[in-house]
Amino acid sequence: MIAKTKIKVLLKTPEVVGIGNDVKVEGWVRTKRGNKNIAFIALNDGSIIHSIQIVAEVANFDEEILKQITTGSCICVEGTLVNSQGQGQSVEIQAKKIEVYGTADAEIYPLQKKGHTLEFLREIAHLRPRTNTFGAILRLRHAMAFAIHKFFNDKGFYYLHAPIITGSDCEGAGSMFRVTTLDAVNPPKNSDGTVNYNEDFFGKQTNLTVSGQLEGELAALAIGEIYTFGPTFRAENSNTPRHLAEFWMIEPEMAFYDITDNMDLAEEMLKYLMNYAIENCYDDLEFLQKTYDSELIERIKSIINNKFERLTYTEAIDILEKSGQKFEFPVSWGCDLQAEHERFLVEKYFQKPVILTNYPKEIKAFYMKQNDDGKTVRAMDVLFPRIGEIIGGSQREENFDKLSKRIEELNLPAKDLWWYLETRKFGTAPHSGFGLGFERLILFVTGMANIRDVIPFPRTPKNAEF
RNA sequence: UCCUCCCUAGCUCAGUUGGUUAGAGCAUCUGACUGUUAAUCAGAGGGUCGCUGGUUCAAGUCCAGCGGGGGGAGCCA
């Protein structure tokens, strides 16, 4: 009995098995070609972007078996690993035995050996992992997730599991998905006709989380440095290539970090991740570069090799006002920066990542630390080429009175935030944190243009088919 | 949600000022070919032109509504 081997091992380190020795591989057929004497099968098992070539002498095999080997079918091959006689690959397998695990009727199997549009592949999300493109994306997605855990673990951060179901709508980060077990048609009512949520599963209104930040702060103010990495939900009717209703977010939160420490961490992490991709996923990056984005690897390297430009919101407004550039939305101090403004700063003016700090408090969240000028808060946004804001964060307001006053000014439900405020009442500490949208990171590192193509099963308005 | 473009064969698309039987490439099927690289060559089959309604002698083509999708914007990550 021959031990099975991953195709990655055979292609990358054939010496492990040894030329001339017998091997067993299992995978899905990408293409079959040949003539009446010989058949060439490109076999892929997902371990690597490349397929291995299976060579089958037609005379040695049952005609019915060979007929079943079509694009998309799944087979097991036993044969001898040999140096290839043809161009295009260094090693190949001279097949001795082929077992068909599963056929794929060529008349109805949707994937062809020719290329498909990404839009079409979205309609067959159950099969698109079988394509080279999605194989590469899924491997990169895994590598980035793993690298994030490794980065934080190596720095002594703890992985915190924030709740998915929350009872608060505090961050104001957008509309939430209601979580309920009440009968949608006939819910229990109060005497005034409103729904009686006391009868609901949790005895109150609950929602899917829009952010784990507030819970993250609780943990940071106890065990120092933490990060969350989990799904997040926004019920916004956003129809763009950069938004999902369900996406994954990484939210580190650190005690005793000021805004500069926060920026240093964000920059170090992004550079670490880019470097990890180059060192561990080069074959996939090369494929994506060749197929979709000719500047992909160069752009990733530019993140590693450039110091991020750091400037204040006020300085950025000044640059934009003096730029002579015509913008659809005019710039003035106090307005939020539009996509076109961010793009100008990152792609034209500095031509590298930019970190903007000290935004007007009116356009930022209540929990951000207020500066002494009374006008700005210690926010930081990291802006990337192509995708804009990849990270948003801040030093947090640790002063109980200032935070309470801000909550009051913004008319937020202070009574629902009692637990959050108690961290400022008992042993408060300077601390900071930020949020990184995982899919936006994957968007950048794969060179894909649409966020629906970097998550296995995208959730967007009117779409939850798979 | 707003602006804009698109929806014709399994896929990607052509289809002229509205006019007879709606085309191509690829895929599929059949055949040919002694090592192919998205193999090549020859032949064949394959259509409710997104849906509903309207204008007209006549609609893939014009109009309206609805549905789906792309791009841009807003919200944001």
Side-chain angles (χ1 to χ4, degrees), chain A residues 30-42 50-59 67 70-72 82-89 92 94 104-124 131-132 171-175 209-213 231-251 290-291 327-329 336-340 342-343 363-365 381-384 387-393 434-444 449-455 460-463 465:
Chain A
R30 288 282 197 265
T31 68
K32 186 179 74 171
R33 51 183 176 266
N35 52 51
K36 65 183 175 189
N37 299 309
I38 191 166
F40 300 95
I41 301 159
H50 306 294
S51 299
I52 195 161
Q53 175 154 286
I54 309 294
V55 184
E57 303 282 346
V58 171
K67 248 185 145 169
T70 57
T71 298
V82 297
N83 288 313
S84 178
Q85 298 171 31
Q87 304 296 308
Q89 60 278 319
E92 63 192 19
Q94 199 73 42
D105 185 345
E107 300 234 33
I108 52 175
Y109 184 63
L111 290 172
Q112 305 167 1
K113 37 188 158 183
K114 301 273 174 181
H116 288 107
T117 60
L118 295 166
E119 288 85 357
F120 173 67
L121 293 176
R122 274 173 223 151
E123 294 170 9
I124 50 167
T131 62
N132 289 332
E171 218 208 344
S175 316
T209 182
V210 293
S211 163
Q213 181 199 316
T232 319
F233 307 87
R234 306 272 166 94
E236 297 286 354
N237 191 10
S238 296
N239 295 289
T240 87
R242 295 183 311 283
H243 291 86
L244 292 165
E246 176 184 298
F247 63 101
W248 288 65
M249 194 150 62
I250 297 99
E251 295 180 288
K290 187 182 73 189
T291 312
F327 294 112
E328 191 188 337
F329 297 89
D336 209 351
L337 293 181
Q338 306 291 317
E340 55 172 343
E342 296 180 349
R343 218 172 296 132
I363 59 173
K364 287 293 179 183
D381 284 1
V382 182
L383 310 180
F384 256 34
I387 52 173
E389 185 183 337
I390 192 166
I391 278 179
F434 60 80
L436 165 72
F438 187 55
E439 281 74 21
R440 295 214 177 149
L441 174 78
I442 305 303
L443 217 41
F444 183 83
N450 193 311
I451 201 162
R452 292 156 202 209
D453 297 328
V454 298
I455 186 167
T460 52
K462 301 269 157 59
N463 182 12
E465 176 74 14

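Within every chain, numbering begins at 1; the chains are lettered A, B, ... in the order of the sequence lines, protein sequences first and strands thereafter. As a basis for the values below, the full set of heavy atoms in this structure was taken, side chains included, without hydrogen atoms, waters or symmetry mates.
Side-chain proximity of A:Glu119 to B:G68, B:G69, B:G74: nearest is B:G69. Residue A:Thr240 places its side chain closer to B:C75 than to any other of B:C75, B:G72, B:U12. For A:Asn239, taking side-chain heavy atoms from C-beta onward, the closest of the listed nucleotides B:C75, B:U1, B:G70 is B:U1.
Closest approach of A:Val210 and A:Phe233 over heavy atoms only: CG1-O, 3.1 Å.
Atom-to-atom, CG of A:Leu121 to P of B:G70 comes out at 13 Å; the value is rounded to the nearest Å. Protein atom CZ of A:Phe247 is 16 Å distant from nucleotide atom P of B:C75, rounded to whole Å. The interatomic distance linking A:Ile124 (CD1) with B:G68 (P) rounds to 20 Å, in whole Å. Going from atom NZ of A:Lys32 over to atom P of B:U40 covers 16 Å, rounded to whole Å. In this entry the distance linking CD of A:Glu328 with P of B:G74 reads 8 Å, nearest Å. When rounded to the nearest whole Å, the span between NE2 of A:His116 and C1' of B:C13 equals 14 Å. Note: OH (A:Tyr109) to P (B:G10) measures 18 Å, nearest angstrom. For the pair A:Arg33 CZ and B:C26 P, the computed distance is 17 Å after rounding to whole Å.
Heavy atoms of A:Arg30 sit nowhere under 4.0 angstrom from any nucleic acid atom. Nucleic acid contact class of A:Glu123 (heavy atoms, under 4.0 Å, all strands): none. Within the nucleic acid shown, A:Gly388 has no heavy atom closer than 4.0 Å to any nucleic acid atom. A:Ala339 comes within 4.0 angstrom of sugar-phosphate atoms only, judged by non-hydrogen atoms across all strands, and of no base. Counting any heavy atom pair closer than 4.0 Å across all strands shown, A:Ile108 reaches no nucleic acid atom.
Residues meeting the side-chain contact (heavy atoms from CB on, under 4.5 Å) test with A:Thr131, sequence neighbours left out: A:Leu111, A:Leu121, A:Thr133, A:Phe134. Among residues two or more places apart in sequence or in another chain, the side-chain contact (heavy atoms from CB on, under 4.5 Å) test is passed with A:Phe329 by A:Gln338, A:Glu340, A:His341. For A:Lys364, the salt bridge (charged side-chain N to carboxylate O under 4.0 Å, His left out) partners at least two apart in sequence or on another chain are A:Asp381. Under the salt bridge (charged side-chain N to carboxylate O under 4.0 Å, His left out) criterion, A:Arg452 pairs with no residue at all, not counting sequence neighbours. Every residue was checked against the side chain to side chain donor-acceptor pair (under 3.5 Å) condition with A:Glu119, not counting sequence neighbours, and none meets it. With sequence neighbours left out, A:Val58 forms a side-chain contact (heavy atoms from CB on, under 4.5 Å) with A:Leu66. Contacts of A:Asn450 classified as side chain to side chain donor-acceptor pair (under 3.5 Å), with partners at least two apart in sequence or in another chain: none. Judged as a side chain to side chain donor-acceptor pair (under 3.5 Å), and not counting sequence neighbours, the contacts of A:Glu92 are A:Gln53, A:Ser84. Looking at residues two or more places apart in sequence or on another chain, you find a side chain to side chain donor-acceptor pair (under 3.5 Å) between A:Asn239 and A:Asn237.
Separation of the C1' atoms belonging to B:C49 and B:G15 is 11 Å when rounded to the nearest angstrom. Annotation: B:A22 and B:G60 have their C1' atoms spaced 8 Å apart (nearest Å). For B:C7 and B:A44, the C1' atoms lie 29 Å apart once the distance is rounded to whole Å. Rounded to whole Å, the C1' atom of B:G50 lies 8 Å from the corresponding atom of B:G67. With C1' as the reference atom, B:U8 and B:G47 are 8 Å apart, rounded to whole Å. Comparing B:U61 with B:A9, their P atoms are spaced 15 Å from each other, to the whole Å. Comparing the P positions of B:G10 and B:U28 gives an interatomic distance of 15 Å, to the nearest angstrom. Taking atom C1' on both nucleotides, B:G46 is separated from B:G74 by 45 Å, rounded to a whole Å.
Here the side chain of A:Arg242 pairs no donor or acceptor atom with the backbone of A:Ile451 at under 3.5 angstrom. The closest donor-acceptor contact from the side chain of A:Thr70 to the backbone of A:Ala104 lies under 3.5 Å. Remark: the backbone N or O of A:Phe434 is not paired with any side-chain donor or acceptor of A:Gln213 at under 3.5 angstrom. Of the possible polar contacts, one joining the A:Thr71 side chain to the A:Arg30 backbone as a donor-acceptor pair under 3.5 Å is found.
Residue A:Thr31 places none of its side-chain N or O atoms closer than 4.0 Å to OP1 or OP2 of B:A38. Here A:Arg343 does not reach the OP1 or OP2 of B:G72: none of its side-chain N or O atoms lies under 4.0 Å away. The shortest distance between the side-chain N/O atoms of A:Arg122 and the OP1/OP2 oxygens of B:G70 is below 4.0 Å.
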Taking N or O atoms only and anything under 3.5 Å, show me the protein contacts with nucleotides 3-6 of chain B, one pair per line.
none

message: Does the protein touch nucleotides 27-35 of chain B at the base, only the backbone, or not at all? Give it as B, S and - per nucleotide, heavy atoms under 4.0 Å.
response: SSSS--BSB

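Counting atom types as modelled, A:His243 pairs a side-chain N or O with a base atom of B:C76 as donor and acceptor under 3.5 Å. With hydrogens and angles ignored, no donor-acceptor pair under 3.5 angstrom links the side chain of A:Ser238 to the base of B:C76.
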message: Let's test your reading of the pairing rules: Watson-Crick or G-U wobble, both distances under 3.5 Å, then write RNA chain B as a dot-bracket string with ( ), [ ], | and dots.
response: (((((((..((((.....[...)))).(((((.......))))).....(((((..]....))))))))))))....

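A residue-by-residue look at A:Ala245 and A:Leu337 shows that A:Leu337 has its nearest nucleotide of RNA chain B further toward the 5' end. Sequence order on RNA chain B of the closest nucleotides to A:Arg452 and A:Glu340 puts A:Arg452 first from the 5' end.
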